[in-house]
Amino acid sequence: MLFTATLTGLLSASAVLAAPAPAPVADPAPMPMPTPPGIPTAASAKSQLAALTVTTPVDDGTYNRDLFPTWDTITGTCNTREYVLKRDATTVVVGSDCYPTSGSWKSPYDGATWTAASDLDIDHMVPLKNAWISGASKWTTAKREQFANDVTRPQLWAVTDNVNSAKGDKSPDTWKPPLTSFYCTYARSYVAVKAYWALTVSSAEKSALTSMLNTC
C-alpha cells in the first residue's frame with residue numbers, strides 16, 4: 001500500500017511539472033502624461049534660463065494668496081480648475097457645470113493614476129509666492145490674475161493633492177517631483193513660465209534647473 005501511495009504521488013508530481021506554463025499576459029499600455037501647451041525643447045529652455053536675471057529674492061512678508069485671484073471662467077461654464085482637469089484627463093465625463101463626474105488622470109509629478117477629481121490639485125508650476133518674491137509683487141492685481149490662471153503656457157498641472165501640498169511654495173532647489181523621469185519636463189516648463197513672465201531666479205534655483213535640464 002505504501003508503494004502504491006508513493007507511486008501515485010510521483011505520478012501526480014510529474015503531471016504538475018509537465019503542465020504547460022500559462023501564456024504571458026501583456027501589461028496594459030501606460031497612461032500618457034498630460035502635456036500642457038508651450039513646453040519648450042531642452043535647448044530652448046537652456047537658452048531661456050541663461051537669459052533670466054539672477055538675483056536674491058526678498059520675502060518681505062507681504063505675500064497673500066488672495067493677491068492672485070483664481071479660478072477664472074476660461075470657456076463656457078469651465079473655470080480654470082475644471083478646464084485643466086478636463087484638458088489633462090485621459091478619459092473624462094463632465095456635467096453641465098463642467099465639473100468632472102468621472103474620469104481618469106495620471107499625475108505627472110509622481111506617476112499615480114486617479115479616477116476621482118477630488119484626489120487632484122491644480123498646481124502652479126511656478127508657485128504664486130515664488131512669483132511674488134521674484135517680480136510679481138510689482139504687478140497689478142489684474143496681471144497677477146492672468147498669471148494665476150494662465151492656461152496658454154505650462155503653468156497649471158493636475159497633480160496628486162498630497163504631492164502638491166508637499167511642494168507648497170518651494171522652488172526646484174528645495175523641492176523636485178518624486179518621479180525623476182519628469183525632471184526634464186518639469187524644468188522646461190518652469191523655465192518657460194519664468195521667461196514669459198520675466199520673473200527672476202535665485203542662483204540656487206538656476207543651479208537646480210540646470211541640473212534638471214541636463215537629464216533631458
Side-chain angles (χ1 to χ4, degrees), residues 31-52 68-72 74-75 78-90 92 105-112 114 117 120-132 134-136 139 143-161 163-202 205-206 208-216:
M31 286 178 60
M33 289 290 190
T35 52
I39 302 175
T41 64
S44 294
K46 288 178 180 180
S47 297
Q48 291 174 341
L49 179 58
L52 293 180
F68 293 81
T70 56
W71 301 108
D72 290 354
I74 301 299
T75 180
C78 300
N79 66 23
T80 312
R81 172 179 166 80
E82 293 158 350
Y83 177 89
V84 174
L85 285 171
K86 187 176 179 181
R87 181 198 68 190
D88 289 0
T90 303
V92 67
W105 293 266
K106 184 168 185 176
S107 168
Y109 290 5
D110 58 338
W114 302 102
L120 297 153
D121 283 350
I122 305 304
D123 178 53
H124 290 92
M125 174 60 68
V126 174
L128 301 182
K129 184 176 181 180
N130 180 279
W132 176 263
S134 59
W139 297 349
K143 185 173 181 178
R144 287 192 291 268
E145 183 174 6
Q146 292 174 352
F147 174 81
N149 296 275
D150 185 3
V151 295
T152 306
R153 277 151 287 280
Q155 166 67 340
L156 297 168
W157 298 74
V159 301
T160 302
D161 50 9
V163 173
N164 184 48
S165 296
K167 173 182 173 179
D169 294 321
K170 301 179 184 72
S171 53
D173 50 304
T174 55
W175 187 91
K176 295 178 179 62
L179 202 61
T180 56
S181 60
F182 192 67
Y183 280 11
C184 173
T185 302
Y186 190 92
R188 287 156 53 204
S189 302
Y190 193 99
V191 169
V193 174
K194 283 258 174 172
Y196 178 83
W197 291 97
L199 296 168
T200 63
V201 290
S202 69
E205 195 175 5
K206 183 175 182 178
L209 289 165
T210 299
S211 295
M212 294 172 81
L213 288 172
N214 285 339
T215 69
C216 295

* Any chance you could lay out the side chain to side chain contact (heavy atoms under 4.5 Å, CB included) test for Trp197 and Lys143, step after step, and finish with the verdict? => CA-CA 10 Å; Trp197 291 97; Lys143 185 173 181 178; 3.9 Å; yes
Give a yes-or-no answer on whether the side chains of [X] and [Y] include a donor-acceptor pair shorter than 3.5 Å.
{"X": "Thr41", "Y": "Ser44", "result": "yes"}
{"X": "Asp123", "Y": "Tyr109", "result": "yes"}
{"X": "Thr160", "Y": "Asp110", "result": "yes"}

For [Y], is there any backbone N or O sitting under 3.5 Å from a side-chain donor or acceptor partner on [X]?
{"X": "Lys194", "Y": "Tyr190", "result": "no"}
{"X": "Thr174", "Y": "Lys170", "result": "no"}
{"X": "Trp105", "Y": "Ala158", "result": "no"}
{"X": "Gln155", "Y": "Met125", "result": "yes"}
{"X": "Lys167", "Y": "His124", "result": "yes"}
{"X": "Thr80", "Y": "Asp72", "result": "yes"}
{"X": "Ser47", "Y": "Ala43", "result": "yes"}

Calculate, to the nearest 0.5 Å, the distance between atoms [atom1] and [atom2] belonging to [X] and [Y] respectively.
{"X": "Leu199", "Y": "Asn130", "atom1": "CG", "atom2": "CG", "answer": "7.5 Å"}
{"X": "Asp173", "Y": "Ser202", "atom1": "CG", "atom2": "OG", "answer": "5.0 Å"}
{"X": "Ile39", "Y": "Cys184", "atom1": "CD1", "atom2": "SG", "answer": "9.5 Å"}

Within the structure provided, determine whether [X] and [Y] are in side-chain contact (heavy-atom separation under 4.5 Å).
{"X": "Pro37", "Y": "Thr152", "answer": "no"}
{"X": "Pro178", "Y": "Val163", "answer": "yes"}
{"X": "Leu156", "Y": "Val151", "answer": "yes"}
{"X": "Arg87", "Y": "Cys78", "answer": "no"}
{"X": "Leu85", "Y": "Leu120", "answer": "yes"}
{"X": "Lys176", "Y": "Tyr186", "answer": "no"}
{"X": "Ser189", "Y": "Trp157", "answer": "yes"}
{"X": "Pro172", "Y": "Met212", "answer": "yes"}

Closest heavy-atom contact between [X] and [Y]?
{"X": "Ala192", "Y": "Gln48", "result": "CA-OE1, 3.6 Å"}
{"X": "Leu128", "Y": "Ala148", "result": "CD2-CB, 4.2 Å"}
{"X": "Tyr83", "Y": "Ile74", "result": "CD1-CG2, 3.6 Å"}
{"X": "Glu145", "Y": "Pro69", "result": "CG-O, 3.6 Å"}
{"X": "Lys46", "Y": "Asn214", "result": "NZ-OD1, 3.6 Å"}
{"X": "Asp150", "Y": "Arg153", "result": "OD2-NE, 2.7 Å"}

Would you say the rings of Phe147 and Trp139 are close, in the sense that their centroids are separated by under 6.0 Å?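 Yes, close enough.
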Next item on the list: Assess whether side chain to side chain contact (heavy atoms under 4.5 Å, CB included) is satisfied between Thr215 and Thr180, documenting all intermediate values.
Entry: CA-CA 9 Å; Thr215 69; Thr180 56; over 6 Å; no
- Task: Just say parallel, tilted or perpendicular for the rings of Phe68 and Trp132, cut-offs at 30° and 60°.
- Result: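 Correct class here is perpendicular.
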